[in-house]
Amino acid sequence: MGMVGGGQDAFIGAIHRLAANMDGLIELKCGALSIKPETAIASGKALFLPESRTYLTYDEMIKAEAALPADERIDFVTIVTPNFAHFAPAMMALEHGFNVVIEKPMTFSLEEAKLLKQKVEETGLLLCLTHTYSGYPMVKQAKAMVSEGKLGKIRKVLVEYPQGWLSTLSEREGNAQAAWRTDPKKSGKSSVMGDIGTHASHLAEYITGAKITDVCAELNTLVEGRIMDDDGAVLLKFDNGAKGVLIASQVAAGEENALKIRVYGEKGGIEWFQHDPNTLTVRWLNEPTQVLRAGSNYAHLSSFATHNCRTPGGHPEGYLEAFANIYRNFALTLGCKLEGTAPTAEMLDFPSVEDGVRGMAFIDNVVASSQSDKKWTPYVL
């Protein structure tokens, strides 16, 4: 792979590299690692990249790699820049024949997301979106149980993502991550929903297999002096008749990444909490509560869960492993594509360009609903 962004002064680039490297399927061969030339060069040296493949711009990298012989050039580009700098390198990579892995949200706007989807469809190339939480084995177990009808018809979805790291005006205190995430020119229409609300909405749709059709939203700016939203709540309607509630806040003082989802059907419900990711709690209508645990040798788990289990039972399957599952499934699918073989359903289980479009639509519709006097806003794609 080649990487755009993610240099020594970056936040998420090292996480991507660790995840991509975990299975030995992917090798970092080149990078345009920073918009600062000195940082790009120093980052390339630190990662043992040759000087000839340490580029100063993504434009230079993509053109130079495309000119290399087929057995030498990279197979895909990973983009780990802030939101406003996603679309251009992704589109250029696709135009030059490279598959793409990209941070969420996929683009700066819904219009850009639709253009990327169109280009993916035109080229037949792969685009993977790193919605990390869908990579956890017990999230995949929850999805399998819902799709197999074990909970019956789904009625209610409750998903929450509280963080506390923006409880002060840290964007004015030298926090670079806070600065761009609370700048509408760099993050987009919504800060809280673009950064973490999209994770919550994707998880709700991923586990249930249902799509959001309507929203009733309120966005708030609770820290005085902040120019973007930092808190919000959304009532949801799904295409299977289920109702939902989504809460996202970055000013829940003391919270870290307390993502939690509960899904209830006619026969029972499931609960998954990111702080205890190996556990899936299943509550049955007329039977005792059941606690399922991750583990590659557990016969009660679905093939999608066991395919993504890495450790023996009782050993934590953490954030890095979930992130690596996204990369591994993408790499296995890409490998099959390059070899002309058919990937399995388990390999194909990673977020795609379609999820990226829906994520941007979620942001647009929540913002529109929050600004509207109407109780419900039809979900527009």
Side-chain angles (χ1 to χ4, degrees), residues 1-4 16 20 26 58-59 61-63 65-66 70 73-81 83-132 134-135 143 147 188-189 194 198-199 201-203 205-206 208-213 239 325-365 378-381:
M1 74 175 183
M3 179 169 277
V4 177
H16 277 262
I26 298 167
Y58 73 81
D59 183 281
M61 183 185 90
I62 291 171
K63 289 179 179 177
E65 291 295 315
R73 71 172 72 109
I74 54 173
D75 296 298
F76 71 94
V77 174
T78 287
I79 300 165
V80 294
T81 54
N83 304 356
F84 73 96
H86 284 183
F87 174 75
M91 179 61 79
M92 186 176 183
L94 292 168
E95 290 173 342
H96 284 76
F98 295 116
N99 302 278
V100 171
V101 175
I102 192 167
E103 257 295 328
K104 48 66 29 207
M106 187 168 71
T107 51
F108 186 75
S109 69
L110 178 57
E111 292 71 24
E112 289 180 346
K114 290 179 178 179
L115 289 173
L116 275 191
K117 181 184 177 185
Q118 181 180 348
K119 183 58 65 173
V120 168
E121 291 171 347
E122 286 176 2
T123 60
L125 295 165
L126 297 177
L127 187 147
C128 171
L129 186 67
T130 54
H131 272 301
T132 313
S134 63
K143 178 180 176 65
S147 66
K189 289 185 177 181
T198 49
H199 274 310
S201 66
H202 177 261
L203 198 62
E205 291 194 338
Y206 177 76
T208 64
K211 303 300 182 187
I212 298 168
T213 59
D239 62 3
N325 287 337
I326 303 289
Y327 266 103
R328 180 177 62 172
N329 290 341
F330 167 78
L332 290 172
T333 297
L334 179 53
C336 288
K337 183 179 177 66
L338 296 174
E339 295 166 5
T341 59
T344 66
E346 288 83 358
M347 294 176 186
L348 289 165
D349 185 21
F350 59 85
S352 69
V353 69
E354 181 65 33
D355 297 289
V357 172
R358 293 199 61 80
M360 296 310 303
F362 174 78
I363 296 168
D364 269 23
N365 284 284
Y379 206 74
V380 178
L381 283 173

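As a basis for the values below, the full set of heavy atoms in this structure was taken, side chains included, without hydrogen atoms, waters or symmetry mates.
- Across all non-hydrogen atoms, the minimal contact from S134 to L203 is N-CD1, 4.5 Å.
- The side-chain contact (heavy atoms from CB on, under 4.5 Å) check on E122 picks up Q118, K119, with sequence neighbours excluded.
- Taking each heavy atom of M360 and A113 in turn, the nearest pair found is CG-CB, 3.7 Å.
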For this session: Go through the steps for I26 and F76 under the test side-chain contact (heavy atoms from CB on, under 4.5 Å), then give the verdict.
Result: CA-CA 10 Å; I26 298 167; F76 71 94; 3.8 Å; yes
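- Annotation: the span from F108 atom CZ to H86 atom NE2 amounts to 11.5 Å, rounded to 0.5 Å.
- The minimum heavy-atom distance linking S201 with T198 is given by the pair OG-O, 3.1 Å.
- No donor-acceptor distance shorter than 3.5 angstrom exists from the side chain of K117 to the backbone of V353, with no hydrogens or angles considered.
- Other residues, nucleotides and ligands contribute over 12 non-hydrogen atoms within 6.0 Å of the NZ atom of K211.
- The salt bridge (charged side-chain N to carboxylate O under 4.0 Å, His left out) analysis of residues 104-115, with sequence neighbours excluded, yields the pairs K104-D195.
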Using a 3.5 Å cut-off and no angle test, enumerate the donor-acceptor pairs between side-chain atoms of residues 125-132 and protein atoms at least two apart in sequence or in another chain.
| residue | atom | partner | partner atom | Å |
| --- | --- | --- | --- | --- |
| T130 | OG1 | I102 | O | 3.4 |
| T130 | OG1 | E103 | OE2 | 3.3 |
| H131 | ND1 | H199 | ND1 | 3.1 |

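- In this structure, CG in N83 is found 7.5 Å from CD1 in I363, a value given to the nearest 0.5 Å.
- Minimum interatomic distance between N365 and P378 (heavy atoms only, all atoms of both residues): OD1-O, 3.4 Å.
- Residues I79 and V100 are in side-chain contact: their nearest non-hydrogen atoms beyond the backbone lie under 4.5 Å apart.
- In terms of heavy atoms, M61 sits closest to G2 at CE-C, 4.2 Å.
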For this session: Go through the steps for V4 and V77 under the test side-chain contact (heavy atoms from CB on, under 4.5 Å), then give the verdict.
Result: CA-CA 7 Å; V4 177; V77 174; 3.7 Å; yes
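- Here OG1 of T123 is found 12.5 Å from CZ of F98. Values are rounded to the nearest 0.5 Å.
- Without hydrogens or angle criteria, D75 side chain to N99 main chain gives no donor-acceptor distance under 3.5 Å.
- The two residues A93 and I62 make their nearest non-hydrogen contact at N-CD1, 3.7 Å.
- In this view, Y379 satisfies the ring-ring contact (aromatic ring centres under 6.0 Å, His included) rule with no residue, not counting sequence neighbours.
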Output side-chain donor-acceptor pairs under 3.5 Å for residues 325-334, partner residues at least two apart or in another chain, one line each.
| residue | atom | partner | partner atom | Å |
| --- | --- | --- | --- | --- |
| N325 | OD1 | R310 | NE | 2.9 |
| N325 | OD1 | R310 | NH2 | 3.1 |
| N325 | ND2 | G135 | O | 2.8 |
| N325 | ND2 | N308 | O | 3.0 |
| N325 | ND2 | E321 | O | 3.4 |
| Y327 | OH | H16 | ND1 | 2.7 |
| Y327 | OH | T78 | OG1 | 3.2 |
| R328 | NH2 | H307 | O | 2.4 |
| N329 | OD1 | H307 | NE2 | 2.9 |
| N329 | ND2 | N308 | OD1 | 3.3 |
| N329 | ND2 | N325 | O | 3.4 |
| N329 | ND2 | D349 | O | 3.3 |
| T333 | OG1 | N329 | O | 2.9 |
| T333 | OG1 | M347 | O | 3.0 |

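- With values rounded to the nearest 0.5 angstrom, L116 atom CG is found 11.0 Å from E121 atom CD.
- K63 contributes atom NZ, which lies 9.5 Å from atom OH of Y58 (distance to the nearest 0.5 angstrom).
- Distance check, rounded to the nearest 0.5 Å: NZ of K189 to CG of L110 gives 7.5 Å.
- For E339, there are no salt bridge (Lys or Arg N to Asp or Glu O under 4.0 Å) partners, not counting sequence neighbours.
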